[in-house]
Amino acid sequence: MKLDAELELWREQWQSSSEAPVLTGLRKRVARESLYMRIMLMADVLVTLVIGGATLALAMRNPRPATIILAAATWLFITVAWIFGLSNRKAAWSPSASTTSAFLDLSIRRSRGNLRAVTFGAILYAVEMTFCLSWVYHESGFLSSTLIIIITLITLLFAATLIWYRKKKQADLSYLLNLRHDLQAE
């Protein structure tokens with residue numbers, strides 16, 4: 001009976017401490033981010049199947065050097081993206097323990113991973129656009145001004161989104177690092 005009473009006392013102390021709301025917030029944050037990670041993983045699979053499958057089908061239906069190069073480059077980009085994505089999400093799926101510290105460490109790892117993903121996404125986009133525009137130019141002999149305007153607008157929108165997201169994730173990381181510092185100081 002004494003052990004149960006002592007455990008109950010510890011539970012009450014823990015729930016009444018200032019750390020309990022932090023842990024609750026971190027748990028909700030981690031659960032929300034985990035759902036987002038699963039959705040993004042499904043999107044990666046969908047892109048692989050649709051875009052990769054379409055270029056492969058095109059190359060098989062019309063096996064010219066240009067379509068084979070397009071399919072090979074597409075699969076190279078997909079492979080590089082998968083390698084980055086899997087390595088970037090490694091050890092970021094769940095906390096190592098059910099403690100505030102473990103949830104905080106996981107959130108920090110995820111924030112750093114998101115910042116790496118922004119940089120990777122920008123580089124991959126630039127490489128893919130360079131390839132795609134070169135491929136279109138090679139195939140058609142020209143790039144229409146309409147196509148250039150559309151790609152410029154998409155690129156500007158993508159860049160603005162990346163800048164906004166990077167600032168948001170940098171602010172999140174700063175908050176989490178400050179929170180870790182405050183909790184360690186207690």
Side-chain angles (χ1 to χ4, degrees), residues 28-94 106-178:
K28 287 180 183 177
R29 175 191 182 106
V30 166
R32 188 174 53 249
E33 289 173 348
S34 294
L35 175 63
Y36 178 73
M37 286 173 60
R38 284 191 292 277
I39 290 169
M40 292 308 296
L41 185 59
M42 287 187 288
D44 291 345
V45 169
L46 186 64
V47 166
T48 299
L49 294 175
V50 173
I51 303 296
T55 58
L56 192 58
L58 177 67
M60 289 170 58
R61 192 173 48 241
N62 187 5
R64 297 180 310 118
T67 57
I68 293 170
I69 289 170
L70 177 64
T74 299
W75 279 98
L76 176 65
F77 295 140
I78 288 170
T79 301
V80 168
W82 270 102
I83 290 169
F84 172 81
L86 291 173
S87 66
N88 197 42
R89 289 187 291 254
K90 186 179 180 181
W93 286 99
S94 61
L106 178 63
S107 293
I108 289 169
R109 273 195 310 276
R110 286 179 175 180
S111 288
R112 287 180 173 152
N114 288 331
L115 289 171
R116 284 190 302 271
V118 167
T119 302
F120 175 81
I123 292 168
L124 184 63
Y125 179 83
V127 171
E128 286 177 343
M129 281 300 109
T130 301
F131 171 80
C132 289
L133 289 173
S134 299
W135 189 86
V136 168
Y137 182 75
H138 178 268
E139 283 299 291
S140 67
F142 73 99
L143 294 173
S144 72
S145 58
T146 304
L147 177 64
I148 297 297
I149 290 169
I150 290 169
I151 291 188
T152 301
L153 291 174
I154 290 170
T155 301
L156 291 173
L157 178 62
F158 184 67
T161 303
L162 285 181
I163 291 167
W164 167 81
Y165 187 72
R166 182 173 186 79
K167 286 181 181 181
K168 180 179 186 284
K169 289 301 162 184
Q170 284 174 326
D172 285 350
L173 181 59
S174 292
Y175 167 76
L176 293 167
L177 291 172
N178 287 335

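Just so it is clear, the model here is predicted, and its values are computed rather than measured. Worth knowing before you read on, the calculation uses all heavy atoms, side chains too, and leaves out hydrogens, waters and symmetry mates.
- Partners of Leu56 according to the side-chain contact (heavy atoms from CB on, under 4.5 Å) rule, which considers only residues two or more places apart in sequence or in another chain, are Met60, Trp75.
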Exercise. Should Phe131 and Ile69 be marked as a side-chain contact (heavy atoms from CB on, under 4.5 Å) after you check the CA-CA gap, both sets of side-chain angles, and the distance that decides it?
Worked result: CA-CA 10 Å; Phe131 171 80; Ile69 289 170; 4.1 Å; yes
Sequence neighbours excluded and cut-off under 3.5 Å, please list the side-chain donor-acceptor pairs for residues 34-42, or say none.
| unit_1 | atom_1 | unit_2 | atom_2 | d |
| --- | --- | --- | --- | --- |
| Ser34 | OG | Val30 | O | 2.8 |
| Ser34 | OG | Arg110 | NH1 | 3.4 |
| Ser34 | OG | Arg110 | NH2 | 2.8 |

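- Of the inter-residue distances, the one linking Asn62 atom CG with Ile68 atom CD1 reads 9.0 Å to the nearest 0.5 angstrom.
- Take Arg29 and apply the salt bridge (charged side-chain N to carboxylate O under 4.0 Å, His left out) test, not counting sequence neighbours, and it matches Glu33, Asp172.
- Evaluation of the salt bridge (charged side-chain N to carboxylate O under 4.0 Å, His left out) rule for Arg64 yields Glu139 as partners, not counting sequence neighbours.
- Under the ring-ring contact (aromatic ring centres under 6.0 Å, His included) criterion, Tyr125 pairs with Phe158, sequence neighbours left out.
- Phe84 pairs by the ring-ring contact (aromatic ring centres under 6.0 Å, His included) definition with Phe120, not counting sequence neighbours.
- Checked by atom type and distance alone, the side chain of Arg166 never pairs as donor or acceptor with a backbone atom of Val118 at under 3.5 Å.
- Of the inter-residue distances, the one linking Ile51 atom CD1 with Thr74 atom OG1 reads 8.0 Å to the nearest 0.5 angstrom.
- Rounding to the nearest 0.5 Å gives a distance of 4.5 Å between CG of Leu157 and OG1 of Thr161.
- One finds the CG atom of Leu58 at 6.5 Å from the CG atom of Leu70 (value rounded to the nearest 0.5 Å).
- Remark: Val45 engages Leu49, Trp82 in a side-chain contact (heavy atoms from CB on, under 4.5 Å) (not counting sequence neighbours).
- Of all non-hydrogen atoms in Thr55 and Ala71, the two that sit nearest each other are O-CB, 3.5 Å.
- Considering only residues two or more places apart in sequence or on other chains, Ser145 meets the side-chain contact (heavy atoms from CB on, under 4.5 Å) condition with none of them.
- Distance CZ/Arg109 to CG/Leu176: 12.0 Å, rounded to 0.5 Å.
- Residues passing the salt bridge (charged side-chain N to carboxylate O under 4.0 Å, His left out) test with Arg89, sequence neighbours excluded: Asp44.
- For Glu128, the salt bridge (charged side-chain N to carboxylate O under 4.0 Å, His left out) test picks out no residue, with sequence neighbours left out.
- The distance from the CG atom of Leu147 to the CG atom of Leu133 is 6.0 Å, given to the nearest 0.5 Å.
- Under the side-chain contact (heavy atoms from CB on, under 4.5 Å) criterion, Leu153 pairs with Ile149, not counting sequence neighbours.
- Residues Leu106 and Ser94 come closest through the heavy atom pair CD2-C, 3.5 Å.
- Residues passing the side chain to side chain donor-acceptor pair (under 3.5 Å) test with Arg112: none are found, sequence neighbours excluded.
- Considering only heavy atoms from C-beta on, Ile163 comes within 4.5 Å of Lys167 through its side chain.
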